[in-house]
Amino acid sequence: MLKAKTIFSGFAVDDLEKAKQFYTQKLGLTVSDETMGLHLQLPSGATIFVYARPNHEPASYTILNFAVDDIDAAVDQLAGQGVVFERYPNMPAPQDEKGILRGRSVQQGPDIAWFKDPAGNICAVLQDT
């Protein structure tokens with residue numbers, strides 16, 4: 001068995017300064033500068049390493065999920081800060097006017113809304129149950 005000292009995840013962006021501003025100012029995370037990138041401090045105590053990558057291509061899947069107590073309040077707060085919510089076709093239920101997929105109402109997963117960071121990576125807020 002692997003005896004890792006610590007475990008963390010990471011993802012790429014095209015502009016570290018834009019990423020730092022977004023994750024601190026819009027999402028309220030503590031971000032520290034490192035030699036090769038940034039560390040995002042998560043509420044659980046875990047960290048995520050963010051690094052610049054030449055010719056960055058955004059992830060086509062959700063890289064971060066933010067579980068919240070009140071998805072409507074979270075979406076309203078983020079939208080008020082200029083965050084734009086994504087809309088996707090062929091979902092199990094329609095997304096409402098805020099961009100929230102009400103999955104719980106059709107027993108198809110959580111209530112969730114997706115948005116992108118400045119590098120185009122997909123993030124989501126979802127209702128914690």
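Heavy atoms only: backbone and side chains are in, while hydrogens, waters and symmetry mates are out.
Nearest heavy-atom pair, Ala119 versus Pro58, reported as atom, atom and distance to 0.1 Å: O-CG, 3.2 Å. Residues Asn121 and Ala59 approach most closely at OD1-N, 3.0 Å, considering heavy atoms. The shortest non-hydrogen separation linking Trp114 to Met91 is CH2-CE, 3.2 Å. The two residues Pro118 and Phe22 come nearest to each other via the heavy atoms CD-CG, 3.4 Å. Smallest separation of non-hydrogen atoms from Ile48 and Gly10: CG2-CA, 4.0 Å. Contact between Cys123 and Tyr23 at its shortest, heavy atoms only, is SG-OH, 3.7 Å.
By the 4.0 Å N-to-carboxylate-O rule, Lys26 lies too far from Asp117 to be salt-bridged with it.
Listed for the Gln95 side chain is no donor-acceptor partner under 3.5 Å among the backbone atoms of Ala113. A donor-acceptor distance shorter than 3.5 angstrom exists from the side chain of Asp111 to the backbone of Gly103, with no hydrogens or angles considered. Here the side chain of Arg87 pairs a donor or acceptor atom with the backbone of Asp96 at under 3.5 angstrom.
Shown here is Gln81, whose CD atom has more than 12 heavy atoms of other residues, nucleotides or ligands within 6.0 Å. Other residues, nucleotides and ligands place more than 12 heavy atoms under 6.0 Å from the OH atom of Tyr88.
Hydrophobic clustering (side-chain heavy atoms under 4.5 Å, transitive across Ile, Leu, Val, Met, Phe, Trp, Tyr) groups Leu101 together with Ile122. Taken together through direct or relayed side-chain contacts under 4.5 Å among Ile, Leu, Val, Met, Phe, Trp and Tyr, Leu29 and Val75 form part of one hydrophobic cluster. A chain of hydrophobic side-chain contacts below 4.5 Å, direct or via other Ile, Leu, Val, Met, Phe, Trp or Tyr residues, connects Leu64 to Tyr61.
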Item to check | Criterion side-chain contact (heavy atoms from CB on, under 4.5 Å) on Phe11 and Val50, from CA distance to verdict | outcome: CA-CA 5 Å; Phe11 61 88; Val50 179; 3.6 Å; yes

Next on the checklist: If you apply the rule side-chain contact (heavy atoms from CB on, under 4.5 Å), what do you find for Leu38 with Asp33, and how did you get there?
Outcome noted: CA-CA 5 Å; Leu38 306 169; Asp33 292 300; 3.2 Å; yes

Item to check | Check against side-chain contact (heavy atoms from CB on, under 4.5 Å), Asn65 and Ile112 | outcome: CA-CA 9 Å; Asn65 289 288; Ile112 186 168; 4.3 Å; yes

Item to check | Trace of the side-chain contact (heavy atoms from CB on, under 4.5 Å) decision for Leu42 with Phe8 | outcome: CA-CA 11 Å; Leu42 304 181; Phe8 63 93; over 6 Å; no

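Proximity of Ile71 to Lys98: side-chain heavy atoms (C-beta onward) are nowhere separated by under 4.5 Å. Contact annotation: the side chain of Lys18 never approaches that of Val13 to less than 4.5 Å [non-hydrogen atoms, C-beta and beyond]. Proximity of Val125 to Phe115: side-chain heavy atoms (C-beta onward) are separated by under 4.5 Å at one or more points. The side-chain heavy atoms of His39 and Ser32, taken from C-beta on, include a pair separated by under 4.5 Å.
When Thr47, Leu27, Val31 are each tested for a side chain to side chain contact (heavy atoms under 4.5 Å, CB included) with Leu40, only one passes: Val31.
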